[in-house]
Amino acid sequence: MASISTIKTLGDLRRARAASPEAFPRRSVKNEVRDNLIAKLRSGETLFPGIIGYDDTVIPQLVNAVLSRHNFILLGLRGQAKSRILRALASLLDEHLPVVAGCEIHDDPLEPICSACRMRIAAEGDDTNIAWLPREARYVEKLATPDVTIADMLGDIDPIKAARSGLQLSDELTIHYGLLPRANRGIFGINELPDLAGKIQVGLFNILQEGDIQIKGYPVRLPLDLLMVFTANPEDYTARGKIITPLKDRIGSEIRTHYPATRQHAMEITAQEAWLNRDGDATRIDVPGYVREVVEEIAFQARADRKIDRRSGVSQRLAITCLENVLSNAERRALSNAEGQIVARVTDVYAALPSITGKFELEYEGELKGADNVARELIRASVANVFAERFGQVDMRRVIEWFDLGGSLQTSDTSSAKELLAQARGVQGLVELTEHLHVGPKASEAALASAVDFVLEGLYAQKKISRSDERGYHGAEPPQQRRPTTRAAERDVDEGIPLPGGKKKYYN
Ligand SMILES: [Zn+2]
């Protein structure tokens with residue numbers, strides 16, 4: 001059988017097809033994608049590796065849309081992997097596609113639609129050169145913005161080209177093709193479709209409906225072969241723009257995406273996307289499960305919080321960037337203490353505030369509180385939740401009593417593991433509590449310190465002990481002076497006085 005490296009001309013292609021038609025099928029993009037999907041379904045292959053949590057919801061609907069040969073739209077809030085899904089569709093294209101070499105719209109050598117190719121093939125016949133287009137080059141994506149023009153999208157008449165070649169302006173040869181014709185015989189994705197001006201949506205509709213383009217009033221017949229896919233944020237249907245009815249009507253399927261339904265799914269997505277394997281040395285770095293859970297829980301809490309605008313959503317990117325920042329704070333601590341082992345702590349999540357606050361829009365009530373305070377409350381609620389899951393049945397009275405009797409700890413998010421453990425060992429029963437996290441006695445100091453930090457932060461989040469971050473405050477002060485100061489400090493923390501990374505923390 002001829003391989004694509006030996007098929008270089010139209011004649012080669014004709015002969016190869018005659019010898020084995022099934023190896024070089026001719027079909028529309030929608031049929032090609034459908035056939036390849038069917039083959040994957042038969043073989044039981046994972047359809048879209050890396051798309052997590054959609055197996056029972058979005059993927060079946062997507063499969064049905066492709067099997068139906070529909071153009072389709074994904075509707076969902078930000079950070080729901082919409083663009084990622086569209087890009088993954090390219091994996092359903094053939095690995096290589098024969099095109100007329102040099103044709104801007106990737107004409108089929110056996111049935112060219114542009115007049116330049118038709119003229120060329122008439123002149124050169126079977127000697128016409130062909131090229132093989134790899135599948136990655138056949139997915140074209142455009143983010144819709146209000147300033148996208150017809151010329152960008154469909155094309156423009158090039159008067160200079162017309163003058164030079166002595167052609168009428170209406171001649172197809174004078175067209176400078178836009179993105180859409182250049183995506184011919186591939187998949188064209190438009191993100192945020194409602195942001196596209198109405199007249200351009202009309203242009204898209206004409207392509208879908210009639211295979212016609214109108215450029216500057218000149219009608220050009222161009223029966224493009226495309227799978228068109230779109231994304232939109234449901235909020236934008238009303239808020240910013242809309243999808244014109246005739247175009248909406250031509251979009252075969254409307255598929256709704258969603259945020260991860262479970263914390264487990266969310267953690268898998270974050271683990272896949274976040275940059276955690278730093279310096280290529282994974283053995284030095286550890287982000288314990290409870291830290292990952294806290295980070296993930298923040299997004300879940302935020303999506304349910306009345307102070308946060310639900311219609312604009314809370315992207316999964318919140319958890320991803322937060323976890324990266326958490327690890328960076330742990331990295332910074334290890335560097336400043338010259339520690340070899342980097343183990344993230346729950347305390348690091350508070351230091352990751354800058355990666356959280358930009359990821360949500362606030363409602364009026366949230367605006368009054370300020371993004372930092374809202375984020376800090378989210379973290380505290382998340383820690384409380386995760387801590388309750390791990391320590392719900394554990395008797396912690398001994399440790400709480402120790403603090404109630406006036407005991408105190410002075411730490412900061414840059415305390416070395418040694419420092420933190422030395423203090424923790426002074427609290428009866430505290431280090432022992434970490435056994436519930438399956439941190440064995442053989443665990444590294446850094447891992448043990450992280451577990452102790454989680455217990456302290458958990459008790460604080462559940463308001464069983466208090467924590468202040470008052471500058472210059474020292475645990476060595478006599479109890480009668482410390483008491484009132486601490487209470488004042490506790491009130492401040494509850495009301496959300498900023499707690500930037502690096503500041504001292506005081507538990508009692
Ligand atoms: Zn052509």
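Remember, it's 1-based here, ligands and their atoms both numbered in the order they're listed.
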Visitor: Does any pair with a residue in residues 48-60 pass salt bridge (charged side-chain N to carboxylate O under 4.0 Å, His left out), and if so which ones, sequence neighbours excluded?
Guide: none
Visitor: Taking atom types as modelled and ignoring hydrogens, do the side chains of Glu296 and Thr270 form a donor-acceptor contact shorter than 3.5 angstrom?
Guide: yes
Visitor: Which ring-ring contact (aromatic ring centres under 6.0 Å, His included) pairs, counting each pair once, include a residue from residues 31-87, with sequence neighbours left out?
Guide: Tyr54-His258
Visitor: Any ring-ring contact (aromatic ring centres under 6.0 Å, His included) pairs touching residues 91-120, not counting sequence neighbours?
Guide: none
Visitor: Check whether Tyr290 forms a cation-pi arrangement with Arg390 (NZ or CZ under 6.0 Å from the six-membered ring centre, at most 45° off the ring normal).
Guide: no
Visitor: For the Zn ion (ligand 1), which protein N/O/S atoms are closer than 2.8 Å?
Guide: Cys103 SG, Asp107 OD2, Cys114 SG, Cys117 SG
Visitor: Is it the case that the side chains of Asn373 and Arg376 hold a donor-acceptor pair, with the cut-off being a distance below 3.5 Å and no angle test?
Guide: yes
